[in-house]
Amino acid sequence: MNVSVFGLGYVGCVTAACLARDGHHVIGVDVSTDKVAMINDGRSPIVEPDLEPLLRRLARERRLTATTNAADAVRESEVALICVGTPDIGHGQPDLEALSRVATAIGEACADRTRLLTVVVRSTVLPGTNDLVRERLMTAASANGHRPNIMLASNPEFMREGSS
């Protein structure tokens, strides 16, 4: 399967590497050119035991690549996983800015797409947040009058750093 993983922090990097290890073609997407370069060079942007040798092998085999361009990643993907951070901004409220930006970028990349794209929110969010994601996806994808073929799912992560 062709999978795009948005956000190459802890959750995204580990998820992308594991999916590529298991035979999927994965393209990671991040706004950080440094993280993208590291992944493409087979280096790890995070500390996780045994991850760097795996990334080195996957980069060499071209099963895991990275880009800053959402449209390039979505073009061939069947599934897009959103793994961006949602830090606490106080009183238990998550900052949804990165999640909103990524949902809009994925939607824009689907503006002319006819094939189904399944978008999975892996970021840790409160119940009801997918309503915001769905609205951003659909608004951006239908800006030119096109009715996008997008399914939305939620699969929150529950990883412990250092043992994923």
Side-chain angles (χ1 to χ4, degrees), residues 1-20 24-40 44-46 48 55 64-159 161 164:
M1 182 177 287
N2 294 322
V3 180
S4 53
V5 176
F6 286 79
L8 293 174
Y10 192 81
V11 173
C13 191
V14 171
T15 299
C18 289
L19 288 171
H24 301 285
H25 177 261
V26 180
I27 184 161
V29 185
D30 203 284
V31 296
S32 168
T33 57
D34 290 340
K35 285 183 184 178
V36 166
M38 290 179 81
I39 296 292
N40 287 330
S44 180
I46 62 163
E48 176 68 19
L55 289 174
L64 174 60
T65 59
T67 183
T68 58
N69 189 308
D72 287 347
V74 169
R75 185 173 298 114
E76 298 301 320
S77 294
E78 297 157 82
V79 175
L81 304 175
I82 302 176
C83 303
V84 297
T86 55
D88 187 341
I89 57 174
H91 305 292
Q93 295 300 308
D95 181 350
L96 301 177
E97 181 60 33
L99 184 67
S100 295
R101 267 195 324 271
V102 167
T104 298
I106 293 171
E108 289 170 350
C110 291
D112 296 319
R113 185 184 176 106
T114 56
R115 293 180 302 124
L116 173 66
L117 177 68
T118 301
V119 177
V120 181
V121 177
R122 298 255 310 137
S123 301
T124 304
V125 295
L126 297 170
T129 303
N130 276 4
D131 293 339
L132 167 72
V133 174
R134 181 180 297 105
E135 187 270 327
R136 296 291 176 117
L137 283 168
M138 300 311 263
T139 298
S142 59
N144 65 358
H146 174 71
R147 176 127 170 85
N149 193 4
I150 300 172
M151 299 281 293
L152 181 61
S154 185
N155 181 16
E157 57 78 18
F158 298 100
M159 293 179 170
E161 291 185 22
S164 290

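All values below were derived from every heavy atom in this structure, side-chain atoms included, with hydrogens, water molecules and symmetry-related copies excluded.
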Shortest non-hydrogen contact from [X] to [Y]?
X: A16; Y: L64; value: CB-CD1, 3.9 Å
X: P94; Y: T86; value: CB-O, 3.8 Å
X: V133; Y: I82; value: CG1-CD1, 4.4 Å
X: A17; Y: L55; value: CB-CD2, 3.9 Å
X: L137; Y: A103; value: CD2-O, 3.4 Å
X: R122; Y: N155; value: NH1-O, 3.1 Å

To the nearest 0.5 angstrom, please state how far the [atom1] atom of [X] sits from the [atom2] atom of [Y].
X: I39; Y: C13; atom1: CD1; atom2: SG; answer: 3.5 Å
X: N130; Y: S154; atom1: CG; atom2: OG; answer: 4.5 Å
X: E108; Y: T139; atom1: CD; atom2: OG1; answer: 11.0 Å
X: N149; Y: L117; atom1: CG; atom2: CG; answer: 9.0 Å
X: L152; Y: M138; atom1: CG; atom2: CE; answer: 9.5 Å
X: L8; Y: S32; atom1: CG; atom2: OG; answer: 8.5 Å

Residues I106, V119; criterion side-chain contact (heavy atoms from CB on, under 4.5 Å); working and verdict: CA-CA 9 Å; I106 293 171; V119 177; 4.0 Å; yes
Given 3.5 Å as the limit, does a donor-acceptor pair link the side chain of [X] with the main chain of [Y], or not?
X: D30; Y: V36; answer: no
X: T129; Y: V125; answer: no
X: S123; Y: V84; answer: yes
X: R113; Y: V74; answer: yes
X: D95; Y: D88; answer: no
X: E78; Y: N2; answer: yes
X: R136; Y: T104; answer: no
X: N40; Y: A66; answer: yes

Side-chain touch L81/F6, heavy atoms, less than 4.5 angstrom: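 With C-beta onward as the side chain, the pair stays apart.
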CA sep, side-chain torsions, deciding dist, call: L132, S100, side-chain contact (heavy atoms from CB on, under 4.5 Å): CA-CA 7 Å; L132 167 72; S100 295; 3.4 Å; yes
Whether over 12 other heavy atoms sit under 6.0 Å from R115 CZ: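 Yes, the 6.0 Å shell around CZ holds more than 12 heavy atoms from other groups.
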